[in-house]
K.L.:
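Here it is: the structure, laid out below.
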Amino acid sequence: MNPHSLFASAAINIGLALVTLTLFSIFKKQPSFAPIYYARRLSNGQQIHFHDQTFSFRHFLPSVSWIPRAFRVTEDEILDSSGLDALVIIRLFKFGIKFFVVCSLVGLVVLLPVNYNGQDVPYQSYHSLDSFTISNITPGSNRLWVHFSCLWILSFYGLYLLYQEYDEILVKRIQQLQKIRHRPDQFTILVREIPICSEHKARGCSVDHFFSKHYPYSYHSYQVVYKEKDLEVLLSQAESIARKIQYLRERPTANKHKRETFLLDGSREDAVKISLHEDSLQVFCEKIRQLQHEIVIKQKELPVAFVIFKSRCGAALAAQSQQHSHPLLWITEMAPEPRDVSWRTLAIPYRILPLYKIGVVLAASLLTIFFAIPVTAVQGIAKYEKLKKWFPPVMAVELIPGLSSVVTGYLPSVILKGFIYIVPFAMFGMAKLPGCISKSKEEIKACNMVFYFLVGNVFFLSVLSGSLLDDIGESFSHPKNFPSHLASAVSAQADFFMTYILTDGLSGFSLEILLPGLLFWDVIKSHTVGRGTEKDPYLYSLPYFRIIPMVSLSVLIGTVYAVVAPLLLPFLIGYFCLGYLVFINQIQNVYAIVYETCGQYWPYIHHYILVAIVLMQITMIGLFGLKSMPAASISTIPLLLLTLMFNEYCKKRFLPTFHHYSIQNAVELDELDAKSSQMEVNYVDVINAYCSPCLRPVNFIPSESSSTQPLVCSSSL
C-alpha cells in the first residue's frame with residue numbers, strides 16, 4: 001500500500017466520522033429521538049429536559065457539549081450508577097491511552113528516526129511505508145539494539161500497568177461486594193445433579209434432608225427449579241396479547257387531532273377489539289395459573305435447586321466444597337444474582353453438557369473456516385500490485401484518477417469490518433448452548449470465543465494471507481520457523497492494520513454513538529405500525545461480548561506493532577480517546593445494566609493483553625533472527641520467560657479472589673450485619689428472589705386510569 005492509499009483511507013474515515021458525530025449532536029437535541037439516545041435514563045424514570053420545542057435553528061446546530069460532559073464523568077459516578085463491570089470497559093480504554101501514549105513517545109522520538117535512517121541507500125520496496133518501519137534497518141546493524149532496548153522498556157511498562165490495573169480492580173471488587181452485601185446471591189448456592197429421595201420420590205425432599213444433616217446451623221431453605229417449557233409458550237402468547245391491548249389503548253389519545261367523526265368511529269372499533277383481547281387474555285391467565293399449580297403438585301422437578309443459607313460464610317463454604325464422594329452428585333457453586341440467572345439452560349442435564357461444548361467447538365471451527373474466504377479476498381484487494389498480475393482486468397480501476405487509492409486503502413478494511421460485525425452475535429448465540437448458569441457467564445464465554453476468533457482470522461490470517469499466501473503450509477509444517485515467518489509477515493502488513501484501526505476507530509465508534517440501525521427502524525416504525533403511539537425506549541443491555549474482544553484486538557495490533565511500525569501508534573491514541581468518550585456516553589444514557597459480576601471480566605481482559613505482549617516478543621525474536629542479530633534474538637527469550645512467569649504470578653495472586661468468595665470477606669460482612677441486626681432480614685426473603693419467572697403470579701391487564709408524569713419535557717434553558 002502506498003502513502004496515497006493511506007491518506008485516502010484517513011481522509012474518508014475522518015470525513016465520515018465528522019459527519020456522523022455532527023448528525024449525532026443534532027439528533028440528540030430532538031425530543032422525538034430521546035427513546036434512542038436516552039433509552040436508559042428514560043427506562044429509569046429520569047426526566048430528559050430539552051429546549052423549547054418551538055421551531056428554532058438552534059435545534060439543528062452541531063454541538064460538542066457531550067464531549068466535555070463525558071470527560072467530567074468520574075469513575076466513582078460510573079461505579080455507583082452502572083457497576084464495576086461497566087467501569088472495567090472504561091478502564092480498558094484508559095489502559096490503552098496510558099500504554100500507547102508512552103509507546104508513541106518512544107516510537108516517534110526514538111524508533112522512527114532510527115528506522116528512517118536505517119540504510120545509507122534509500123530502501124526501495126513495494127511497501128513504500130517500510131522506510132518508517134524496522135524493515136528499513138540493514139541486516140546486522142547495531143541500530144537493532146535500540147529496538148531491543150525499547151522492546152524491554154515497553155514490555156516492562158505494559159506489565160507494570162497490568163499489575164496496577166489488576167490490583168486496583170481487585171480492591172474495587174472487594175469494596176463493591178461490601179456495598180451490595182444485601183444481595184440474595186451472597187446467601188445462595190446453586191446445586192445440580194440432585195438425586196431423588198428414595199422415601200418420598202422428590203428432589204426437594206432430598207435437598208432438605210441433605211443440607212439439614214450436613215449444614216444444620218447455617219442451612220435455611222431451598223427453591224427447586226421446575227420443568228416449565230409449556231408455561232413459557234403460554235406466557236409468551238399472553239404477553240403478545242397484552243402488548244396489543246396496550247397499543248389499542250394508546251392509539252386514540254395520539255390521534256386526537258384528527259377529525260372528530262373518524263376519531264369516534266375508530267374509538268368504538270378499538271373498544272371492541274380491546275374487549276375481545278381482554279377476554280382472550282383472561283383465558284390465558286387462567287390456563288397459566290392452572291398449569292403453575294399442576295407443575296408444583298405433580299412435582300415436575302429438575303435436578304437443580306437454589307439453597308439459601310443463614311450466613312454468607314455458610315454459603316461460601318458449601319459452594320467451594322465437594323459435597324459427595326461421587327463427584328457428579330451434589331455439584332455446588334455460588335448462585336448468580338436473580339436477574340442474571342439463565343433459567344433456560346438450567347434444564348440441560350449436567351452430564352451431557354460436554355456434548356454441547358463439543359458441538360459449540362465444531363460450530364465455531366466451521367465459522368472460522370468460512371471466514372477465511374472473505375479475509376483472503378480482502379487481502380487480495382489490499383495487495384493491488386499482486387492482484388493485477390493474478391487478475392489483469394482490475395487494471396481498469398486505474399482509469400479513474402484516485403480510485404485505486406480508495407480501493408486499496410479504504411475498501412479492504414470496510415469489507416473486513418462488515419464481515420466482523422456479525423461474528424460477536426454468532427458467537428454469543430453459540431455461547432448460550434453449553435449450559436452456562438448465568439447470562440454473565442454466557443457473555444464471558446462469548447468474549448473468549450470472539451477474541452480468539454479475531455486473533456486467528458483478523459490478525460494471523462490477514463498477516464499470512466497478505467504476505468505469505470504461498471508459504472502458509474510451510475509455516476504450519478515447520479513450527480520452529482514460525483517466529484521468522486510471523487515477523488516477516490507482520491512487518492509487511494503494517495499499512496493494512498493502520499487502515500483497519502482508522503476504520504474501526506473513527507467510523508466504528510462514530511456509528512456506535514449514532515446508532516443508525518435504530519434510527520432507521522424508528523423512522524419506519526413511526527410511519528407504519530407504531531404511528532401515533534407513544535414510543536418506548538429502545539433499551540438494550542451493554543454488549544460486553546462485542547466491545548471487549550474488539551478493543552482487545554486493537555490493543556493486540558498496537559502492541560505487536562509498537563516496535564515494528566511506530567507510525568501506527570498515534571492512530572491508536574485517537575482510537576482509544578474516541579472510544580472512551582463514546583462509551584462513557586453510551587453507558588450513562590443508552591445501554592441498560594442487566595447484571596453485576598463485580599469485575600469478573602477483568603481477568604479475561606488481563607489475559608488478552610498479556611497474549612498481545614507475548615506475541616510482540618515472539619515477533620521480535622523472529623525479526624531479530626531475520627535481521628541477522630542472533631544475539632538480540634536469544635537475549636529476548638529471557639524477557640518472554642519473565643512475561644510468562646508474571647502471568648503465573650498474577651494467576652496465583654489475583655485470579656482466585658475473582659473466582660471464589662473468600663471466607664474472610666464473608667465472615668467480616670456477616671459480623672457487620674450481625675452488629676446492625678440485619679442478618680435475618682437478608683436471607684428471609686431470598687427464597688422469593690429465586691422463584692422462577694414462570695411460576696410467579698401473572699397479571700397482564702394494565703390499569704386504564706394509570707397516569708404518569710411525562711419523562712420527556714421541554715424547558716427554556
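Nothing here was measured: the structure is a model prediction, and the numbers come from that model. Side chains included, hydrogens not; waters and symmetry mates left out as well; all remaining heavy atoms used.
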K.L.:
Will you find, in the side chains of S155 and Q617, an N or O donor that is under 3.5 Å from an N or O acceptor?
P.N.:
yes
K.L.:
If you round to the nearest 0.5 Å, how far is CZ of F583 from CD of Q588?
P.N.:
14.0 Å
K.L.:
So I573 and L569, side-chain contact (heavy atoms from CB on, under 4.5 Å) or not? Walk me through it.
P.N.:
CA-CA 7 Å; I573 297 176; L569 299 175; 5.9 Å; no
K.L.:
Strictly below 4.0 Å, N to O, side chains only: are K179 and E596 in salt-bridge contact?
P.N.:
no
K.L.:
Parallel under 30°, tilted from 30 to 60°, perpendicular over 60°: which one fits the rings of Y500 and F497?
P.N.:
perpendicular
K.L.:
Could you check if a side-chain atom of L144 sits within less than 4.5 angstrom of a side-chain atom of I134, using non-hydrogen atoms only?
P.N.:
yes
K.L.:
Donor-acceptor pair, S633 side chain versus M629 backbone, under 3.5 Å?
P.N.:
no
K.L.:
Between L556 and A612, which heavy-atom pair has the shortest distance, and what is it?
P.N.:
CA-CB, 3.5 Å
K.L.:
Is the F654 ring parallel, tilted or perpendicular to the Y163 ring (thresholds 30°, 60°)?
P.N.:
perpendicular
K.L.:
Using a 4.5 Å cut-off on heavy atoms from C-beta on, say whether the side chain of L87 contacts that of L84.
P.N.:
yes
K.L.:
Output yes when a side-chain donor or acceptor of Q320 lies under 3.5 Å from a complementary backbone atom of H660, and no otherwise.
P.N.:
no
K.L.:
Parallel, tilted or perpendicular: which fits the ring planes of F93 and F576, with parallel below 30° and perpendicular above 60°?
P.N.:
perpendicular
K.L.:
Has K172 got a side-chain atom pairing as donor or acceptor with C598's backbone, closer than 3.5 angstrom?
P.N.:
no
K.L.:
For V423, does its backbone N or O pair with a side-chain atom of R546 as donor and acceptor, under 3.5 Å?
P.N.:
no
K.L.:
Closest approach of A17 and S510, non-hydrogen atoms and distance?
P.N.:
CA-OG, 3.9 Å
K.L.:
Would you call the rings of F419 and F371 parallel, tilted or perpendicular, where under 30° means parallel and over 60° means perpendicular?
P.N.:
perpendicular
K.L.:
Under 4.5 Å between any side-chain heavy atoms of F658 and L170, yes or no?
P.N.:
yes
K.L.:
List the atom of Y116, the atom of N136, and the distance in Å for their closest heavy-atom pair.
P.N.:
O-ND2, 3.3 Å
K.L.:
Compare all side-chain heavy atoms of F451 with those of I548 and state whether any distance is below 4.5 angstrom.
P.N.:
no
K.L.:
For the atom pair CD1 (I587) and CG (D85), what is the distance rounded to the nearest 0.5 Å?
P.N.:
10.0 Å
K.L.:
Run the numbers on N457 and T368 for side-chain contact (heavy atoms from CB on, under 4.5 Å), then give the verdict.
P.N.:
CA-CA 7 Å; N457 282 272; T368 303; 3.1 Å; yes
K.L.:
Can you find a pair of side-chain heavy atoms, one from L92 and one from I609, that are under 4.5 Å apart?
P.N.:
yes
K.L.:
Any side-chain heavy atom of L112 within less than 4.5 Å of one from F132?
P.N.:
yes
K.L.:
Hey, does the side chain of Y608 reach the backbone of Y452 with a donor-acceptor pair shorter than 3.5 angstrom?
P.N.:
no
K.L.:
I'd like to know whether S554 forms a side-chain contact (heavy atoms from CB on, under 4.5 Å) with I501, so could you lay out the CA-CA distance, the side-chain angles of the two residues, the decisive distance to 0.1 Å, and finally the verdict.
P.N.:
CA-CA 7 Å; S554 297; I501 292 296; 3.8 Å; yes
K.L.:
Quick one: do R91 and E75 make a salt bridge, cutoff under 4.0 Å?
P.N.:
yes
K.L.:
What's the shortest heavy-atom distance between S440 and Y595, and which atoms?
P.N.:
CB-CE1, 3.4 Å
K.L.:
Rounded to the nearest 0.5 Å, how far does CG of L177 lie from OG1 of T657?
P.N.:
10.0 Å
K.L.:
Quick one: are V455 and V611 in side-chain contact, heavy atoms under 4.5 Å?
P.N.:
no
K.L.:
In terms of relative ring orientation, are Y421 and F425 parallel, tilted or perpendicular, with 30° and 60° separating the classes?
P.N.:
tilted
K.L.:
Evaluate the ring planes of F99 and Y157, with Trp represented by its six-membered ring, and classify them as parallel (under 30°), tilted (30 to 60°) or perpendicular (over 60°).
P.N.:
parallel
K.L.:
Identify the heavy atoms of L111 and P566 that sit nearest to each other, and give their distance.
P.N.:
CB-CG, 4.0 Å
K.L.:
Are any of the side-chain heavy atoms of M550 and P424 separated by less than 4.5 Å?
P.N.:
yes
K.L.:
Roughly how far, to the nearest 0.5 Å, is NZ of K652 from OH of Y649?
P.N.:
12.0 Å
K.L.:
Using the rule given for side-chain contact (heavy atoms from CB on, under 4.5 Å), can you reason through F156 versus L642, listing the C-alpha separation, both sets of side-chain angles and the distance that settles it, and then say yes or no?
P.N.:
CA-CA 10 Å; F156 278 120; L642 286 173; 4.1 Å; yes
K.L.:
Does any donor atom in the side chain of Y575 or D504 lie under 3.5 Å from an acceptor atom in the other side chain?
P.N.:
yes
K.L.:
What distance do C650 atom SG and D167 atom CG have between them, rounded to the nearest 0.5 Å?
P.N.:
10.0 Å
K.L.:
With a 4.0 Å cut-off on N to O distance, would you call K651 and E648 a salt bridge?
P.N.:
yes
K.L.:
Roughly how far, to the nearest 0.5 Å, is CD1 of I153 from CZ of F148?
P.N.:
10.5 Å
K.L.:
Could you report the tightest heavy-atom contact between Y544 and I593, atom names first, then the distance?
P.N.:
OH-CD1, 4.3 Å
K.L.:
Please verify the inter-ring angle class for F545 with F428; under 30° counts as parallel, over 60° as perpendicular, anything in between as tilted.
P.N.:
parallel
K.L.:
For a quick check under 3.5 Å, do N115 and H147 share a side-chain donor-acceptor pair by atom type?
P.N.:
yes
